[in-house]
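Let me begin by presenting the structure, written as structure tokens, before commenting on it.
Reckoned from all heavy atoms, side chains included, excluding hydrogens, waters and symmetry mates. Owing to the predicted nature of the structure, the values given are computational and were not obtained by experimental measurement. Quick note on labels: first sequence line is chain A, next is B, and so on, each numbered from 1.
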Amino acid sequence: MQVAIEGPWSPLFGRLTLDAIPYNNPIIVPTFIVAALAGLVAVGAVLYYKKLGYIWREWLCSVDHKKIGVMYIILGLVMLFRGYADGLMIRTQQAIAIGPNSPGFLGAKHGYLPPFHFDQIYSAHGTIMLIFAATPLLTGLGNVIVPLQIGARDMAFPYLNATSLWLTFAGAALVMISLFVGEFSSATWVGLMPYSEMASNPGVGVDYWMWAIQISSIGTTFNSINIIATIVKMRAPGMTWFKLPVFSWVQLTTAIIGLTAFPILTVALTMLGIDRYLGTHFFTAGMGGNFMLYINLFWIWGHPEVYFLVLPAFGVLSEVVPAFSRKALFGYPTMVAASFSIAGIGWMVWAHHFFTMGMGPNQIGFFSAATMIVGIPTGVKAFNWLFTMYRGRISYETPMLWAMISIVLLLIGGLTGMMLSASVIDYSVHDSVFVVAHFHCMVLVIGASAFAAVIFWWPKVFGFKLNETLGKWFFWTFIAGSLLVFVPMFMAGLAGETRRLDYVFNTALAPYMLWEEVGVLVYLASIFFFVAMLVVSLWQRVPAGESPWGTERGLEWLTRTPVPFYNFAVTPHVNALDETSWRREVGAALRPTRYVPIHLPHGSGLPFILGMDVFAWGFALTWRIDWLIVLTTIAMIAIVFIRSFDRNEGFIIPAEEVEAYEANISTASIFAEQPKRGHGLVGEAH
Amino acid sequence: MHSEKPILTAKTALWAYEGEEHDFISTRTFGFWLYLLSDALIFAGLFASYAVMDNPMSAFGHPLADGLLSASRGLEQTFIVLGSVFAVSIGSLGLKSGNKGLVLGGLAVGGLLGALFIWFGVSDMLAMAAAGNGPLESGYLSCLYTLLITHALHMGFGLLWILAMFIHIARWGLDAMNTARLLCLRMFWQFQASVWVIVYVYVYLFGGAH
Ligand code: HEM
Ligand SMILES: [Cu+2]
């Protein structure tokens with residue numbers, strides 16, 4: 001029943017031929033060489049220092065929520081860099097290709113990228129930044145922090161947690177390999193329809209895009225289940241709902257969005273998939289297909305997805321702002337209520353993404369008003385942060401700088417969002433770069449909050465702080481770059497520049513394009529300072545002590561620094577909302593007086609193997625290698641079946657051992673190598 | 001509420017030395033219930049798409065449900081799937097009394113009825129396709145088949161699960177882990193039956209011929 005495909009196909013390799021490797025592309029080949037060299041150096045270093053066993057046992061097989069979180073964050077940062085490289089290329093093309101007399105290089109008529117290559121780059125940029133950079137960064141933060149904040153030993157389902165991580169990796173790996181084998185989608189991150197259908201897009205690009213998102217979003221759904229179950233079921237004794245820290249509340253609302261919205265994306269992409277593979281007619285341009293159905297389904301996921309991303313950022317702000325204002329968060333209950341109402345309203349506004357696509361006035365009115373209403377809970381949050389700062393003893397460490405700029409960016413992004421929600425305005429600026437500038441402001445809120453969070457919680461995980469001086473350089477260059485890129489972009493949008501242009505015909509836009517190019521180059525400096533910050537801090541490793549910032553409030557700071565792999569030596573009994581600052585204030589004990597045995601789940605290589613199998617499955621589907629599709633599908637079922645026989649009884653650390661760890665805490669750090677522990681230990685499984 | 005600071009006394013509990021009590025079975029079943037919620041949204045997406053496609057334009061000259069499906073035939077399927085759920089549920093009473101035979105018997109009857117249900121569905125679809133109304137003929141038919149096949153695949157997955165449970169129970173009996181799994185399986189099975197009832201009402205009764 002398989003549809004006819006363009007080009008060659010062989011039973012052994014499917015659509016894959018040597019031509020799929022772009023060995024004559026002047027941009028991809030050098031990239032490949034650099035990536036291959038970096039990979040070789042990394043592998044060589046691992047082998048040279050004989051760390052292979054360590055990496056396999058302690059990381060790839062780990063089910064520890066902190067390690068999984070750290071790996072998510074590393075993935076997010078790597079993909080952020082890749083996404084930035086795409087952004088740089090997009091901006092450079094638009095800075096050169098202006099007007100009919102603009103020069104052309106490397107075989108392009110204008111600029112240096114032929115249109116088809118340019119389209120792939122901006123499709124990759126959007127997909128990567130939202131799905132493979134922002135999402136893993138925030139998921140990783142949630143993974144590291146939520147169990148610590150609620151006083152749990154791990155997530156409710158540690159094994160599922162590892163599975164989510166490796167599914168996300170598999171998706172990211174598909175995007176990355178599309179750079180060197182074949183091509184990526186040219187149909188933008190939203191999958192323009194019916195352009196993404198086989199008839200108009202016969203290559204493998206859309207398939208790569210589709211499977212990469214599909215796989216990683218299943219990982220995200222699993223992670224949402226895990227976060228909800230963890231928060232509902234695993235809170236430490238005494239932690240009633242209104243003692244739950246705001247960041248964890250927000251993670252709960254985010255996970256509810258994730259759990260309910262991502263399945264809709266799964267449906268939309270599955271329909272596209274069977275259209276492309278089996279020849280059905282969901283979204284085709286004839287035979288009764290209805291591509292508006294896709295656009296609706298996509299945005300029914302897509303809009304909740306943007307709140308899925310921004311709510312955790314709001315949670316970070318709600319932790320960082322009080323810490324550096326040395327005050328309790330203003331309006332904690334309203335903060336919780338606002339999170340839930342944003343999540344709820346976020347479900348009812350999806351059609352504002354296509355006001356211009358033939359909606360009746362009643363629908364436009366409804367979706368326009370619903371969109372504006374989101375501004376109310378968002379405003380509540382913003383004022384709560386401001387009132388938290390009001391009369392606080394504010395200090396300007398880097399996390400606070402990031403938090404404060406986030407609020408400013410939120411203001412700009414939110415107000416321009418309000419403008420767009422008025423359909424009369426939207427009709428004139430829809431699909432212009434004004435919209436692009438709007439959502440980049442919002443996404444910068446996420447980025448800035450993620451940086452705030454990483455810097456703020458870094459000492460908790462690593463035991464030393466990041467260098468503040470370089471951190472400030474990183475901050476200011478990043479902000480300068482952002483302003484230089486996005487202020488002109490707003491103006492160019494109002495001046496009429498439509499989005500996704502590989503060639504800018506209006507020469508009057510040249511100055512804006514130049515400023516934006518300057519801005520994107522300033523980002524380069526900020527990347528330099530970011531890396532320098534990491535390298536210098538790793539080099540110096542000044543121990544941070546038990547209270548790195550001197551202002552910590554939440555329960556997560558009651559663990560030792562760096563946090564041991566078992567989290568709390570003894571599970572705390574929670575008495576106050578800001579337990580750590582309460583204990584310090586009233587002089588309650590910060591350490592237990594005796595130790596008890598600790599029960600932990602043991603690691604397993606199966607989630608990693610499953611992830612690799614799913615990657616091979618996605619690759620086989622993309623290239624239509626039938627035998628490999630069948631093989632990897634069977635392997636998937638087999639892995640799940642094998643796993644069901646692993647009762648994961650975990651292992652027990654005796655009290656004396658806990659005491660020894662606590663006496664010398666760095667031996668318990670998640671980076672320290674632990675002795676091999678037997679599987680299947682005595683004791684009740686909980 | 002949170003604003004009034006708790007007072008530290010000699011009796012204030014600061015550490016939970018006895019260890020925290022996490023009810024393993026309830027965490028498991030709650031997590032699985034959440035998964036079912038996400039599955040429910042998959043079906044919601046399919047039903048919404050079906051509603052959009054349920055018109056002559058999308059049928060592209062081919063019949064809609066009233067020219068394809070028979071409500072009485074669907075009713076038979078409905079009774080089969082409800083009977084299957086009934087068997088599995090009666091069987092799960094054996095969990096309380098520790099009656100392994102009852103549990104396995106319920107699973108076996110439920111599984112057989114489930115297989116019969118799938119056979120009904122598959123043969124109906126094959127007949128429809130043979131009459132020239134296959135899934136590739138129109139947007140509406142694509143959507144109808146996808147809805148039916150997605151449900152059938154879920155049922156098929158449930159059958160695999162039932163088979164796996166036979167091995168697990170033979171090996172470990174009705175311990176906590178197997179109890180949790182059986183409770184999840186029962187939830188899953190009941191959920192698929194409810195989805196079928198919606199399919200029946202929405203597709204067969206509202207759209208099908210009587
Ligand atoms: C006060 C809250 C917000 C309002 C009122 C708002 C409003 C809008 C509207 C009306 C559009 C459609 C514009 C058009 O295409 O013509 C839009 C696009 C968009 N917004 Fe927002 N927005 C808000 C918050 C956010 C947040 C928090 C994010 C992300 C974190 C976000 C990300 C996006 C994205 C990604 C798009 C465009 C997607 C695309 O077409 O590729 N927005 N926004
Ligand atoms: Cu939106």
Exercise. Should the heavy atoms of other residues, nucleotides or ligands under 6.0 Å from CZ of F222(A) be counted, would the total exceed 12?
Worked result: no
For this session: Among the options T221(A), L160(A), V232(A), I637(A), pick out the one with the most heavy-atom pairs lying under 4.5 Å from chain B.
Result: V232(A)
Exercise. Is it the backbone or the side chain of L141(B) that comes under 4.5 Å from a heavy atom of chain A, or both, or neither?
Worked result: neither
For this session: Spell out, as yes or no, whether a donor-acceptor pair under 3.5 Å connects the side chain of R583(A) to the backbone of L14(B).
Result: yes
Exercise. Looking at side-chain heavy atoms only, is the closest gap between F32(B) and I225(A) below 4.5 Å?
Worked result: no
Exercise. Can you say whether T260(A) sits under 4.5 Å from chain B via the side chain, the backbone, both, or neither, judging by heavy atoms?
Worked result: both
Exercise. Is chain A contacted by the side chain of F30(B), its backbone, both, or neither, given a heavy-atom distance below 4.5 Å?
Worked result: side chain
For this session: Tell me, with the steps shown, if W15(B) and R594(A) meet side chain to side chain contact (heavy atoms under 4.5 Å, CB included).
Result: CA-CA 10 Å; W15(B) 307 100; R594(A) 64 192 168 84; over 6 Å; no
Exercise. Is any side-chain heavy atom of T593(A) less than 4.5 Å from a side-chain heavy atom of Y17(B)?
Worked result: yes
Exercise. Looking only at heavy atoms, what is the nearest atom pair of A229(A) and L34(B), with distance?
Worked result: N-CD1, 4.0 Å
Problem set entry | Structural part of T150(B) lying under 4.5 Å from a heavy atom of chain A | neither
Exercise. Ring centroid separation for H168(B) and F645(A), is it under 6.0 angstrom?
Worked result: yes
For this session: Could you go through the side chain to side chain contact (heavy atoms under 4.5 Å, CB included) check for M271(A) and L46(B) one step at a time?
Result: CA-CA 9 Å; M271(A) 288 175 169; L46(B) 285 172; 3.7 Å; yes
Problem set entry | Which atom of A16(B) lies closest to which atom of P237(A), heavy atoms considered | CB-CG, 3.6 Å
For this session: With a 4.5 angstrom heavy-atom cut-off, could you sort out which part of R181(B) is near chain A: side chain, backbone, both or neither?
Result: side chain
For this session: Take atom CH2 of W119(B) as the centre, draw a 6.0 Å sphere, and report whether it contains more than 12 heavy atoms from other residues, nucleotides or ligands.
Result: no
Exercise. Are any non-hydrogen side-chain atoms of L8(B) and W582(A) less than 4.5 angstrom apart?
Worked result: yes
Problem set entry | Interface residue of largest heavy-atom contact number with chain B, from L265(A), V267(A), T230(A), under 4.5 Å | V267(A)
Exercise. Going from CD1 on I264(A) to CD1 on I42(B), what distance comes out if it is rounded to the nearest 0.5 angstrom?
Worked result: 8.0 Å
Exercise. Given a strict heavy-atom distance threshold of 4.5 Å, which part of L590(A) is in contact with chain B: side chain, backbone, both, or neither?
Worked result: backbone
Exercise. Hey, what do you get for CD1 (I228(A)) to CH2 (W33(B)), rounding to the nearest 0.5 Å?
Worked result: 9.0 Å
Problem set entry | Heavy-atom proximity to chain A below 4.5 Å, by part of T146(B) | side chain
Seminar exercise, completed: Applying a strict 4.5 Å limit to non-hydrogen atoms, the region of L259(A) in contact with chain B is both
Seminar exercise, completed: Heavy-atom nearest pair, E137(B) first then M287(A), reads O-CE, 3.6 Å
Exercise. Is any side-chain heavy atom of L41(B) closer than 4.5 Å to a side-chain heavy atom of F262(A)?
Worked result: no
For this session: Sort I274(A) into side chain, backbone, both or neither according to what part of it lies under 4.5 angstrom from a heavy atom of chain B.
Result: side chain
For this session: Check whether V574(A) gets within reach of chain B through its side chain, its backbone, both or neither, counting any heavy atom under 4.5 Å.
Result: neither
Exercise. Would a 4.5 Å heavy-atom cut-off, applied to side chains only, mark M57(B) and N290(A) as touching?
Worked result: no
Seminar exercise, completed: Bottom line for F157(A): the part with an atom under 4.5 Å from chain B's heavy atoms is side chain
For this session: Between chain A and each of S58(B), A176(B), A164(B), G45(B), count heavy-atom pairs under 4.5 Å; write down the option with the most.
Result: S58(B)
For this session: Verify side chain to side chain contact (heavy atoms under 4.5 Å, CB included) between T280(A) and Y145(B), making sure each step is shown before the conclusion.
Result: CA-CA 10 Å; T280(A) 53; Y145(B) 277 87; over 6 Å; no
Exercise. How long is the span from the OH atom in Y35(B) to the OG atom in S224(A), to the nearest 0.5 Å?
Worked result: 14.5 Å
For this session: Can you see which heavy atom on L297(A) is nearest to which on S49(B), and at what distance?
Result: CD1-OG, 3.8 Å
Exercise. Sub-3.5 Å donor-acceptor pair from the side chain of H281(A) to the main-chain atoms of L136(B), do we have one?
Worked result: yes
Seminar exercise, completed: Distance col, row S142(B):OG vs D275(A):CG, nearest 0.5 angstrom, shows 6.5 Å
Exercise. For A13(B), does its backbone N or O pair with a side-chain atom of N575(A) as donor and acceptor, under 3.5 Å?
Worked result: yes
Exercise. Which bit of D39(B) is near chain A, if near means a heavy-atom gap under 4.5 Å: side chain, backbone, both or neither?
Worked result: neither
For this session: Name the region of T266(A), side chain, backbone, both or neither, that has any atom closer than 4.5 Å to a heavy atom of chain B.
Result: side chain
